[in-house]
Student: 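One structure follows; several queries about it will come next.
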There are 2 protein chains.
Amino acid sequence: MSERSLHPADASVRRPADGPDLHGARSNCHGRSPAGTGATQATLARAGEVTPEMVRVGEREALDPELVRNEVARGRMVIPANPRHTALDPMAIGLRARVKINANIGSSPTTSGTGEELDKLEGSLRWGADTVMDLSTGKRIADTRRAVLAASTVPVGTVPIYQALESASRIEDLTADGLLAVIEQQARDGVDYMTIHAGVRIRHLPLVRDRVTGIVSRGGGVLAKWMIEHARENPLYTAFDDVLEICRAHDVTISLGDGLRPGSIADATDRAQLAELHTLGELTRRCWDAGVQVMVEGPGHIPLDQLEENVRLQQELCGEAPFYTLGPLVTDIAPGYDHITSAIGAAVVGWHGTSMLCYVTPKEHLGLPDADDVKQGLIAYRIAAHAADLARGNAAAHAQDRAISEARFAFDWREQFARSLDPATAQAMHDETLPNDHVKQAEFCSMCGPKYCPMHNVRGVEWDRVQAAAERIGDGERSGAMPG
Amino acid sequence: MSERSLHPADASVRRPADGPDLHGARSNCHGRSPAGTGATQATLARAGEVTPEMVRVGEREALDPELVRNEVARGRMVIPANPRHTALDPMAIGLRARVKINANIGSSPTTSGTGEELDKLEGSLRWGADTVMDLSTGKRIADTRRAVLAASTVPVGTVPIYQALESASRIEDLTADGLLAVIEQQARDGVDYMTIHAGVRIRHLPLVRDRVTGIVSRGGGVLAKWMIEHARENPLYTAFDDVLEICRAHDVTISLGDGLRPGSIADATDRAQLAELHTLGELTRRCWDAGVQVMVEGPGHIPLDQLEENVRLQQELCGEAPFYTLGPLVTDIAPGYDHITSAIGAAVVGWHGTSMLCYVTPKEHLGLPDADDVKQGLIAYRIAAHAADLARGNAAAHAQDRAISEARFAFDWREQFARSLDPATAQAMHDETLPNDHVKQAEFCSMCGPKYCPMHNVRGVEWDRVQAAAERIGDGERSGAMPG
């Protein structure tokens with residue numbers, strides 16, 4: 001990776017003209033559903049109403065809005081669109097949509113502030129995040145969130161327990177009322193979706209005792225400690241009806257957190273993970289009964305051979321509610337490169353039916369990501385999501401690959417750069433060895449040089465003559481007189 | 001990617017103590033088979049002889065040498081070990097061995113010289129290449145190759161047609177005799193394996209006419225142009241018996257090149273690719289009949305959903321001869337990041353039965369890789385190969401993941417760094433936000449900070465008490481009195 005790729009400001013992202021407008025500017029003609037009606041995209045869809053948000057999703061995904069409505073009604077697609085998040089350009093997450101990627105941003109108590117987080121938001125939008133989660137912890141949570149919501153054209157997700165914990169000095173002091181108050185405040189601020197770790201039940205906790213890495217979800221760990229200290233059930237589980245009431249009132253999409261996700265290959269697909277997944281299936285149905293949109297979070301660390309089974313189990317147990325996975329990482333041995341270990345898992349689960357991929361940056365397991373880590377994570381995940389779209393047979397994705405490959409074969413270097421995920425980096429790498437303008441149409445690059453370039457060597461062929469020669473030769477020429 | 005990760009010299013690679021010695025120093029006690037006997041590992045294996053090379057492979061792979069002998073006799077494993085390559089520490093490629101990775105090095109006519117290539121070799125060995133291919137083109141081919149062979153402890157592969165083309169001023173002037181002379185010279189120099197594009201028959205060429213990216217293999221393109229100009233069959237096909245005679249005499253392993261591999265998603269698994277694969281199956285059997293070791297090269301650019309089928313077809317048509325793939329890239333849209341697009345494909349084909357993965361660097365499609373590109377490509381491919389080994393159930397691979405995860409859970413940061421693929425980069429990323437020595441045992445990092453670290457929060461738990469509370473609560477506590 002060369003120095004110049006470190007600065008996203010040097011790069012501009014141009015979208016291919018022939019794909020649907022997944023990341024483009026918000027069209028002017030669409031409206032938004034009003035706030036305060038107590039309706040959600042799900043209840044409206046079931047009532048047969050095609051909302052402005054569904055129309056916009058249809059436009060962006062090249063889908064019939066009636067199909068979008070049907071998928072939302074069925075719970076197989078969500079449109080996280082809190083009416084109070086006015087900067088939002090609505091998008092959808094689900095099996096029939098293209099695979100989406102989420103970027104986590106947010107300050108931590110030891111590092112970073114609101115300004116840095118807004119920079120990360122800008123970078124996230126530039127590099128193609130479909131949603132962002134503001135995972136801020138520490139003292140500035142509410143301010144950072146409001147600034148992010150005001151600036152974000154993509155859905156913003158949060159984990160409310162982080163803010164609840166800031167006002168409680170110790171985990172043990174958390175209360176259900178305190179949690180509900182934070183959820184309500186964030187809903188009123190316009191948060192589009194929230195991770196609710198209601199599936200971590202006290203009965204599941206003893207299942208982690210023999211794990212290599214115990215609990216690795218921040219929210220899951222906080223709730224586990226609370227349950228252990230109080231010897232009581234998870235307050236988000238016991239108060240789940242109250243959570244549903246708030247989310248219904250503000251059309252907040254619930255993202256059911258997987259607090260017991262495995263944190264290592266050794267713990268993958270174990271009893272603790274599967275026990276929680278069963279509870280998540282139960283909670284999914286409670287969301288649907290309450291008219292609340294819902295998706296389900298997933299692991300984590302899973303080896304390649306267990307990925308398809310993990311998607312199948314979630315889809316089966318949660319009635320095809322959208323699956324939203326963190327990676328998964330397919331090995332534990334590469335801290336510093338976990339955007340790669342996890343992009344491998346993300347591509348494969350995306351192909352098998354995961355609807356949104358939560359990115360992992362190179363800093364995972366090591367520290368809080370900075371702006372360049374955000375970029376590296378997003379590029380790796382755009383690759384993963386796109387590879388999954390291709391494997392799912394998405395026509396627009398195939399058109400993108402064909403267009404860049406046609407430019408490559410035509411030696412149209414500028415067009416090849418422009419159609420790539422990161423044009424400035426692609427051009428910089430090319431120019432490192434062949435910087436001159438006149439080689440931008442050259443029929444070779446510094447990899448092979450002019451004499452060996454295969455795309456150059458086989459051009460303008462009279463194929464009929466070759467075909468005739470092949471037929472003449474048949475199986476005959478096995479050895480013997482060679483020219484020269 | 002931070003600046004300090006650009007310098008491999010800053011990093012040291014420590015191998016886990018509990019894995020087999022795949023990359024370690026050559027043991028002192030093993031010998032090598034003598035040169036000039038006309039025997040190969042394959043003919044010796046079939047005669048029931050366990051060679052010193054098979055013993056060493058058994059040691060490195062934790063396999064019974066008799067099993068190694070049997071696999072080599074069966075043709076399902078190769079030990080590329082030219083007796084004249086005296087610096088070699090023998091290794092094996094095959095279904096029963098761990099998945100291997102190859103690094104391509106070599107100068108091009110526009111860039112680089114022998115000194116730079118020796119630096120790339122050193123970097124390749126440091127970052128875990130199991131073999132290297134010297135793909136030099138231009139004027140210094142023989143000198144560079146001899147320098148690489150003298151310094152390399154891993155098998156060295158070449159593509160002889162590149163050197164043959166240097167003495168012919170035009171592709172059309174290539175002759176079968178010229179090609180055979182180069183193969184013989186390289187065999188006498190000690191080259192362990194050679195890519196021979198004998199499978200590109202003239203009858204296959206018309207199948208590429210409607211492709212998006214035509215022919216993208218350098219060797220394939222050269223031979224195609226020769227065949228088109230002369231209206232004759234591929235000289236490496238017609239003279240294949242002579243090639244076999246040389247390779248048998250020097251125990252050079254043949255790597256059957258896939259000159260018609262697809263260069264874009266649009267061309268994947270097409271008729272041209274499959275027609276050549278059938279010919280490669282025929283040539284594999286001719287190698288075996290001649291007592292020559294053989295592996296088979298594969299694509300290229302293949303979408304995720306066609307990967308497993310590609311491996312299955314090669315294994316079936318080529319009688320389980322080791323499969324050696326380039327990537328494959330699972331999308332075309334990310335030049336500058338093709339180490340990632342291809343590591344995704346490499347991990348998946350490795351799991352399904354590919355035995356060696358040829359790395360792709362970030363510079364692929366853009367220019368000749370430099371030393372840092374070699375490092376980035378190798379790290380991505382060590383991740384892919386390791387993920388494949390995990391998925392294949394390799395016990396030593398699982399032990400590596402468990403060990404680093406145990407260090408992670410114990411907050412033993414130094415041990416976690418030491419057991420990672422790139423310790424210096426992992427430590428540098430950690431130290432970016434928490435540089436002080438006293439946090440090397442801290443029970444948190446800057447990602448979560450101390451209050452939210454889940455691994456910290458759930459420690460020293462009295463599990464029996466939790467279990468009792470869970471049983472008391474049962475399904476009862478759905479709502480109602482919460483503490484506080």
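Order of the sequence lines fixes the chain letters, A, B, ..., with proteins taken first and strands second; residue numbering starts at 1 for each chain. Please read these numbers as outputs of a predicted model, since none were measured by experiment. The figures that follow rest on heavy atoms only: side chains count, while hydrogens, waters and symmetry mates do not.
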Student: With a 4.5 angstrom heavy-atom cut-off, is it the side chain or the backbone of B:Thr341 that approaches chain A, or both, or neither?
Tutor: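 Its backbone and side chain both get close to chain A.
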Student: Do you know which two heavy atoms are closest between A:Ile340 and B:Ala343, and how far apart they sit?
Tutor: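 That closest heavy-atom pairing would be CG2-CB, 4.5 Å.
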Student: Which region of B:Val461, side chain (C-beta onward) or backbone (N, CA, C, O), has a non-hydrogen atom less than 4.5 Å from a non-hydrogen atom of chain A, or is it both or neither?
Tutor: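 Contact with chain A involves the side chain of B:Val461 alone.
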Student: Kindly write out the residues that satisfy salt bridge (charged side-chain N to carboxylate O under 4.0 Å, His left out) with A:Arg170, not counting sequence neighbours, or none if the list is empty.
Tutor: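 Listed in chain order: A:Glu172, A:Asp173.
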Student: Any non-hydrogen side-chain atom of B:Leu366 less than 4.5 Å from a side-chain atom of A:Phe417?
Tutor: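 Of all side-chain heavy-atom pairs linking A:Phe417 with B:Leu366, at least one is under 4.5 Å.
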Student: So for A:Val458, is it side chain, backbone, both, or neither that comes closer than 4.5 Å to the heavy atoms of chain B?
Tutor: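 Side chain of A:Val458 only, per the 4.5 Å heavy-atom cut-off to chain B.
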Student: Is the shortest side-chain heavy-atom distance between A:Ile404 and B:Pro335 below 4.5 Å?
Tutor: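 SC-SC contact between A:Ile404 and B:Pro335 confirmed.
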Student: Heavy-atom pairs under 4.5 Å with chain B: which of A:His430, A:Met227, A:Arg408, A:Gln427 has the most?
Tutor: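 Most heavy-atom pairs under 4.5 Å with chain B: A:Arg408.
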Student: Under a 4.5 Å heavy-atom cut-off, does chain B meet the side chain of A:Ile344, its backbone, both or neither?
Tutor: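 It is both, since atoms from each part get that close.
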Student: When you measure from the side chain of A:Arg465 to the backbone N and O of B:Ile228, does any donor-acceptor pair fall under 3.5 Å?
Tutor: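 Here the side-chain-to-backbone pair exists.
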Student: Nearest 0.5 Å, what's the CD1-NE2 distance between A:Ile265 and B:His386?
Tutor: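 Taking CD1 in A:Ile265 and NE2 in B:His386, the distance rounds to 8.0 Å.
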Student: Any non-hydrogen side-chain atom of A:Asp464 less than 4.5 Å from a side-chain atom of B:Arg209?
Tutor: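 Yes; the side chains approach each other to less than 4.5 Å.
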Student: Checking the side chain of A:Arg472 only, and the main-chain atoms of B:Ala231 only, is there a donor and an acceptor separated by less than 3.5 Å?
Tutor: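 Yes, the answer is positive, given that a donor and an acceptor are paired below the 3.5 Å cut-off.
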Student: Which one of B:Val330, B:Ile161, B:Leu165 has the most heavy-atom pairs closer than 4.5 Å to chain A?
Tutor: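 Heavy-atom pair counts peak at B:Leu165.
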Student: Only pairs of heavy atoms separated by less than 4.5 Å count here; which of A:Ile379, A:Leu307, A:Asn457, A:Asp401 has the most with chain B?
Tutor: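 Of the candidates given, the most pairs with chain B belong to A:Asp401.
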Student: Given that the side chain runs from C-beta out, which part of A:Ser217 has a heavy atom under 4.5 Å from chain B: side chain, backbone, both or neither?
Tutor: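 The backbone, not the side chain.
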Student: Between chain B and each of A:Gly367, A:Pro303, A:Gly178, A:Gly263, count heavy-atom pairs under 4.5 Å; write down the option with the most.
Tutor: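 Counting heavy-atom pairs under 4.5 Å, the top option is A:Gly367.
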Student: Considering all heavy atoms of both residues, which atom of B:Leu421 and which atom of A:Ala334 are nearest to each other, and what is their separation?
Tutor: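 Looking at all heavy atoms of both residues, the closest pair is CD1-CB, 4.1 Å.
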Student: Check whether any side-chain heavy atom of B:Leu304 lies under 4.5 Å from a side-chain heavy atom of A:Leu390, and answer yes or no.
Tutor: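 B:Leu304 does not reach A:Leu390 side chain to side chain.
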Student: Pick one of side chain, backbone, both or neither for B:Tyr162, based on which atoms fall under 4.5 Å of a heavy atom in chain A.
Tutor: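 For B:Tyr162, the contact with chain A is made by backbone and side chain together.
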Student: I'd like to know which of B:Ile215, B:Val208, B:Asp370 tops the heavy-atom pair count under 4.5 Å against chain A.
Tutor: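 Option with the greatest count: B:Ile215.
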Student: Report which part of A:Arg402 has an atom under 4.5 Å of a heavy atom belonging to chain B: side chain, backbone, both, or neither.
Tutor: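 Backbone plus side chain of A:Arg402, per the 4.5 Å heavy-atom cut-off to chain B.
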Student: Which heavy atom of A:Pro206 sits nearest a heavy atom of B:Gln467, and at what distance?
Tutor: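 Answer, listing the atom of A:Pro206 first, then B:Gln467: CB-OE1, 3.1 Å.
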Student: Do B:Tyr337 and A:Gln376 have side chains that approach each other closer than 4.5 Å (heavy atoms only, starting at C-beta)?
Tutor: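 A side-chain contact exists here, since the closest heavy-atom pair is under 4.5 Å.
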Student: If you count heavy-atom pairs under 4.5 Å between each of B:Pro454, B:Ala470, B:Gly220 and chain A, which one has the most?
Tutor: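 Top option by heavy-atom pairs under 4.5 Å: B:Pro454.
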Student: Is chain A contacted by the side chain of B:Asp267, its backbone, both, or neither, given a heavy-atom distance below 4.5 Å?
Tutor: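 Interface part for B:Asp267: neither.
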Student: Name the member of B:Asp242, B:Val216, B:Ile171 that forms the most heavy-atom pairs with chain A at distances under 4.5 Å.
Tutor: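 Greatest number of close heavy-atom pairs with chain A: B:Val216.
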Student: Between B:Ile202 and A:Val466, does a side chain to side chain contact (heavy atoms under 4.5 Å, CB included) hold up when you go through it step by step?
Tutor: CA-CA 7 Å; B:Ile202 191 168; A:Val466 178; 4.2 Å; yes
Student: Test B:Gln400 against every option in A:Thr331, A:Asp332, A:Ile333 by the side chain to side chain contact (heavy atoms under 4.5 Å, CB included) rule and name the one that passes.
Tutor: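 Checked A:Thr331, A:Asp332, A:Ile333 against B:Gln400; only one passes side chain to side chain contact (heavy atoms under 4.5 Å, CB included): A:Ile333.
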Student: Identify which part of B:Leu135 has an atom lying under 4.5 Å from any heavy atom of chain A, answering side chain, backbone, both or neither.
Tutor: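 Answer is neither: B:Leu135 stays 4.5 Å or more from chain A.
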Student: Find out whether B:Val212 and A:Phe409 are in side-chain contact, i.e. whether some heavy atom of one side chain is under 4.5 Å from a heavy atom of the other.
Tutor: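 No - every pair of side-chain heavy atoms lies 4.5 Å or more apart.
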Student: Using a cut-off of under 4.5 Å on heavy-atom pairs, state which of B:Lys225, B:Glu471, B:Met455, B:Lys363 scores highest against chain A.
Tutor: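 The candidate making the most pairs under 4.5 Å is B:Lys363.
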Student: So which part of B:His301 gets closer than 4.5 Å to some heavy atom of chain A, the side chain, the backbone, both or neither?
Tutor: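 For B:His301, the contact with chain A is made by the side chain alone.
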Student: Tell me, out of B:Ala469, B:Ala391, B:Ala468, who's got the most heavy-atom pairs with chain A below 4.5 Å.
Tutor: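 Result: the option with the highest number of such pairs is B:Ala391.
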Student: Of the non-hydrogen atoms in B:Asp305 and A:Trp351, which two are nearest, and what is the gap between them?
Tutor: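 Looking at all heavy atoms of both residues, the closest pair is CA-CZ2, 3.5 Å.
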Student: Checking heavy atoms, do the side chain of B:Arg218, its backbone, both or neither come under 4.5 Å from chain A?
Tutor: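 Contact with chain A: backbone and side chain both.
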